[in-house]
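This report concerns only the one structure given below.
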Amino acid sequence: MKGIVVAGARPNFMKVAPIMEEFKRRTDLTDLSVLLVHTGQHYDSQMSDAFFEDLKIPQPDVNLGVGSGTHAQQTARVMVAFEELCVAERPDWVTVVGDVNSTLACAITAKKLGIAVAHVEAGLRSRDRTMPEEINRLCTDTIADLLFTTDLMASQNLRNEGIEEHRIHFVGNTMIDTLVRHIEQARSLALPDGLTDGEFAVLTLHRPGNVDNRETLGGICSVIAEISRRIPVVFPLHPRTRKRLEQFDLFRLLGNDTNISVMEPLSYLSFLGLVAHSRMVLTDSGGIQEETTVLKIPCITMRPNTERPITCEVGTNVLVGTDPDHIRSAAQSVLNERARTSSIPEKWDGLAAQRIVEVLVLTTA
Ligand code: UD1
């Protein structure tokens, strides 16, 4: 038997790490070989190599080197390169994770070659079809043979879409497997100069819906500058956001009269350590909503919707959209309030990859 595990972009790497580790641990699977394929969607060392190093992910067996482009260009380049690879390697199954363009591209390609497809982190729905990730999720889940979900709401979404029960497996969250394995090491790292434990906020911003529009990005930057006068803000900058801040001449809003530290994207451990020591996180990321829930750090999500509603229902997440007034008042209430009670979703326990590999082995044997 031969399997392929695909990773393409930054948020994929922490999801494949525990799966690859579990295959290595399962020395009983002597007749199975697993290849790790990197599509090259993310390629900068800070967006890719740093994660492989921190998470000790084996070097990819193949890197398709597709790079950046429009959605069609990027998706198409992955499909062409991945088809050639699948024809040469003839895998029995392909596992894709998350919701990036590489996820969709490899799922379609494999399925059309008659190869079984497993999707890790299936069933998440924002119900916002202007998000490219939502299109990637819907299309990938429709065709995948095995759908591994992180929570029961996601499993129900799949049932509501008519997906048969035998395809759906509630296994937990591989990103949280990675967090569980690395949190102690991350917490022990020194904080950047000038920061005190529990007395700073972390900001991340990269959604096209937020950063590709001058007015929206400007509004967010202005209110963050205000918030920074009450609590220092650390801002690791995604390359997309850096480009937009330059293009729209908005860096001046993050300047000297604020208390914002803008920095390059951080490696996995440095970022996790920073979040774990922070007072709150302001973000438009998907995965960070989950990580803050497990760490019990208040999370203010600057989006109108989330595909991860469980983080609001039981976790620490609040959705505020991008209206500066709403962002300001959410930050103020975190700074003024005592700790809210929250809990950790079921099966976010560090064992998701074990469950996934078990199902994969039993189903594809
Ligand atoms: C992608 C995912 C998004 C995920 C995000 C995490 C899709 C549709 N989007 O968005 O779901 O949340 O990754 O980061 O797959 N760039 C670099 N260096 C890199 C990679 C990108 O400079 O290593 C720049 C390029 O200018 C590129 C832009 O960032 O055009 C956007 O990269 P892209 O992969 O298209 O999408 P992301 O915004 O990163």
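Counting starts at 1 for both ligands and their atoms, following the listed order. The model shown is predicted, which means the values in this text are computed figures rather than measured ones.
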**Item:** Best match, His42, Lys243, Gln74: closest heavy atom to atom 10 (O) of ligand 1
**Value:** His42
**Prompt:** Do any nitrogen or oxygen atoms of His238 come within less than 3.5 Å of a nitrogen or oxygen of ligand 1?
**Reply:** yes
**Item:** Option with minimal heavy-atom separation from atom 5 (C) of ligand 1, where the choices are Arg242, His206, Gln46
**Value:** His206
**Complete:** of all protein heavy atoms, closest to atom 2 (C) of ligand 1 is Val100 CG1, 3.7 Å
**Asked** Tell me: protein heavy atom nearest atom 18 (N) of ligand 1, and distance?
**Response** Asp44 OD2, 2.9 Å
**Asked** Any ring-ring contact (aromatic ring centres under 6.0 Å, His included) pairs touching residues 200-246, not counting sequence neighbours?
**Response** His206-His238
**Nearest heavy atoms of Cys86 and Ile115, plus distance in Å** = CB-CD1, 3.9 Å
**Request:** Write out the residue and atom name of the closest protein heavy atom to atom 29 (O) of ligand 1, then the distance separating them to 0.1 Å.
**Result:** Arg240 N, 3.9 Å
**Asked** Can you check side chain to side chain donor-acceptor pair (under 3.5 Å) on Ser48 and His38, steps first, answer last?
**Response** CA-CA 10 Å; Ser48 179; His38 190 326; 2.9 Å; yes
**Fill in**
The protein heavy atom nearest to atom 8 (C) of ligand 1 is Asn101 OD1, 3.2 Å
**Item:** Thr311/Glu290 under side chain to side chain donor-acceptor pair (under 3.5 Å): CA gap, chis, key distance, verdict
**Value:** CA-CA 6 Å; Thr311 60; Glu290 298 183 340; over 6 Å; no
**Within-cut-off N or O pair, Asn136 and ligand 1, under 3.5 Å** = no
**Request:** Determine, considering heavy atoms only, which of Pro239, Ser285, Pro265, Gly67 sits nearest to atom 22 (O) of ligand 1.
**Result:** Pro239
**Item:** Shared hydrophobic cluster, Val117 / Leu32 (ILVMFWY, side-chain heavy atoms < 4.5 Å)
**Value:** no
**Message:** Less than 3.5 Å apart, any donor N or O on the side chain of Thr150 or Asn173 sitting next to an acceptor on the other?
**Reply:** no
**Message:** Using side-chain heavy atoms (C-beta onward) and a distance below 4.5 Å, is Thr174 in contact with Asp177?
**Reply:** yes
**Fill in**
Under 4.0 Å between heavy atoms, the region of Ser102 that gets near ligand 1 turns out to be neither
**Request:** Taking atom types as modelled, find out whether Gln289 and Thr306 have a side-chain donor-acceptor pair closer than 3.5 angstrom.
**Result:** yes
**Item:** atom 19 (C) of ligand 1 - nearest protein heavy atom and its distance
**Value:** Tyr43 CZ, 3.5 Å
**Derivation of the side chain to side chain donor-acceptor pair (under 3.5 Å) call for Asn210 and Asp284** = CA-CA 8 Å; Asn210 285 351; Asp284 61 5; 3.1 Å; yes
**Request:** Distance to 0.1 Å, residue and atom name: give those for the protein heavy atom nearest to atom 3 (C) of ligand 1.
**Result:** Glu133 OE2, 3.2 Å
**Complete:** Ranked by distance from atom 27 (C) of ligand 1, the top protein heavy atom is Ser68 OG, 3.3 Å
**Asked** Looking at Pro11, which atoms of ligand 1 are within less than 4.0 Å of one of its heavy atoms?
**Response** 4 (C), 6 (C)
